[in-house]
Amino acid sequence: METETATRWLSDAEQCAWRTYLDVNRLLTHRLEKDLQPFGLTNNDYEILVNLSESEDHRMRMSDLATATLQSKSRLSHQITRMEAAGLVVRANCESDRRGLYAVLTDQGMETMRKVAPHHVASVREHFIDMLSEEGLAGLRESLGPVAAHLRDVRGKA
């Protein structure tokens with residue numbers, strides 16, 4: 001016998017909140033991407049550069065970088081190939097695991113980070129942070145924190 005579960009449709013307030021979030025996410029992502037274009041970078045490029053610049057020895061195993069950036073290993077490999085061609089990163093063998101590879105930030109990649117980061121932060125500030133009050137930012141952290149924690153937990157189980 002089949003058991004049917006009733007769909008919990010969104011209320012008007014829930015629908016409005018959800019659509020506002022989607023709208024902000026799309027618009028902000030588009031704006032930040034556009035602001036990186038003069039530097040020849042995409043949001044994905046920048047995220048990889050940030051991860052590598054903040055990692056010990058400015059290197060990460062490719063599998064860990066894929067996990068950190070929510071990319072498939074194949075997609076990340078293509079991304080790293082493009083970034084290698086631009087001189088931003090190189091691949092290096094992993095001494096402890098011959099099958100493993102590292103993505104390593106080059107001097108040019110680090111210099112690119114130093115040059116681009118102030119512009120990116122200014123863009124984030126102009127189009128997001130400065131649009132919200134301190135109370136609004138605190139409320140956003142409080143509201144979205146449990147969602148982020150839940151999604152990290154679900155991702156870990158998949």
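Predicted, not measured: the structure shown is a model, and the values here were computed from it.
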Discussion item. Are there over 12 heavy-atom neighbours, none belonging to Asp130, within less than 6.0 Å of that residue's CG?
Written reply: yes

Worksheet item: Would Tyr21 end up clustered with Ile129 when hydrophobic side chains under 4.5 Å apart are linked, directly or stepwise?
Response: no

Fill in: Within-4.5 Å side-chain heavy-atom neighbours: Thr69 and Gln79
no

Item to complete: Would you mind checking if Arg31 and Asp35 are paired as a salt bridge, meaning a charged N to carboxylate O distance below 4.0 Å?
Response: yes

Worksheet item: Are Val90 and Leu101 connected, step by step, through hydrophobic side chains (Ile, Leu, Val, Met, Phe, Trp, Tyr) whose heavy atoms are closer than 4.5 Å?
Response: no

Fill in: Distance (rounded to the nearest 0.5 Å) between Gln15 CD and Trp9 CH2
9.5 Å

Worksheet item: What distance separates Leu70 CG from Asn44 CG, expressed to the nearest 0.5 Å?
Response: 10.0 Å

Practice prompt. Say whether, by atom type as modelled, one donor and one acceptor occur between the side chain of Arg152 and the main chain of Ala148 under 3.5 angstrom.
Written response: yes

Discussion item. A quick test of your reading: do over 12 heavy atoms of other residues, nucleotides or ligands sit less than 6.0 Å from CG of Asp107?
Written reply: no

Item to complete: Begin from the C-alpha positions of Arg155 and Thr67 and carry the test side-chain contact (heavy atoms from CB on, under 4.5 Å) through to its verdict.
Response: CA-CA 10 Å; Arg155 182 181 86 187; Thr67 298; 4.0 Å; yes

Worksheet item: How close do Val147 and Ser143 get, heavy atom to heavy atom, and via which atoms?
Response: CG2-O, 4.0 Å

Worksheet item: Do Arg26 and His30 have side-chain heavy atoms sitting under 4.5 Å apart?
Response: no

Item to complete: Could you check if a side-chain atom of Asp45 sits within less than 4.5 angstrom of a side-chain atom of Leu36, using non-hydrogen atoms only?
Response: no

Worksheet entry | Contact summary for Lys115 and Pro118, nearest pair of heavy atoms | O-CD, 3.5 Å

Fill in: Side chains of Ile80 and Val89 in contact at under 4.5 Å (non-hydrogen atoms)
yes

Discussion item. Could you report the tightest heavy-atom contact between Ser55 and Met60, atom names first, then the distance?
Written reply: OG-CG, 3.1 Å

Fill in: Side-chain heavy-atom pair Met62, Arg91 within 4.5 angstrom cut-off
yes

Discussion item. Distance check, rounded to the nearest 0.5 Å: Asp64 atom CG versus Tyr102 atom OH?
Written reply: 8.5 Å

Fill in: Backbone of Gly87 reached by a side-chain donor or acceptor of Thr106 within 3.5 Å
yes

Discussion item. Test of understanding: clusters of I, L, V, M, F, W, Y form through side-chain heavy atoms closer than 4.5 Å, transitively. Do Met83 and Met110 belong to the same one?
Written reply: yes

Worksheet item: Within the distance-only criterion (no hydrogens, no angle test), does the side chain of Asn25 pair as donor or acceptor with the backbone N or O of Leu22 below 3.5 angstrom?
Response: no

Practice prompt. Check whether any side-chain N or O of Asp153 sits under 3.5 Å from a backbone N or O of Ala149 as a donor-acceptor pair, and report yes or no.
Written response: no

Worksheet item: Under a single-linkage definition using a 4.5 Å side-chain heavy-atom cutoff for Ile, Leu, Val, Met, Phe, Trp and Tyr, are Leu144 and Val124 assigned to the same hydrophobic cluster?
Response: yes

Worksheet item: CZ/Arg8 to CD/Glu14 distance, rounded to the nearest 0.5 angstrom?
Response: 7.0 Å

Worksheet item: Is there a side-chain contact between Ile48 and Gln71, using heavy atoms and a 4.5 Å cut-off?
Response: yes

Worksheet item: Could you state the interatomic distance from OG (Ser123) to CG (Leu28), rounded to the nearest 0.5 Å?
Response: 7.5 Å

Item to complete: Output, in order, the C-alpha distance, side-chain angles, deciding distance and verdict of side-chain contact (heavy atoms from CB on, under 4.5 Å) for Leu49 and Val116.
Response: CA-CA 10 Å; Leu49 293 175; Val116 175; over 6 Å; no

Discussion item. If I take atom CE from residue Met113 and atom NE2 from residue His120, how far apart are they, to the nearest 0.5 angstrom?
Written reply: 8.5 Å

Item to complete: Taking all heavy atoms of Leu32 and all of Asn43, pick out the closest pair and write down the distance.
Response: C-OD1, 3.7 Å

Practice prompt. Give the minimum heavy-atom separation between Leu88 and Gln108, together with the two atoms involved.
Written response: CD2-O, 4.3 Å

Worksheet item: Any link between Leu105 and Val50 through a network of hydrophobic side chains (Ile, Leu, Val, Met, Phe, Trp, Tyr) touching at under 4.5 Å?
Response: yes

Discussion item. For a quick test of reading the model, state the closest non-hydrogen atom pair linking Leu52 to Val104 and the distance between them.
Written reply: CD1-C, 4.4 Å

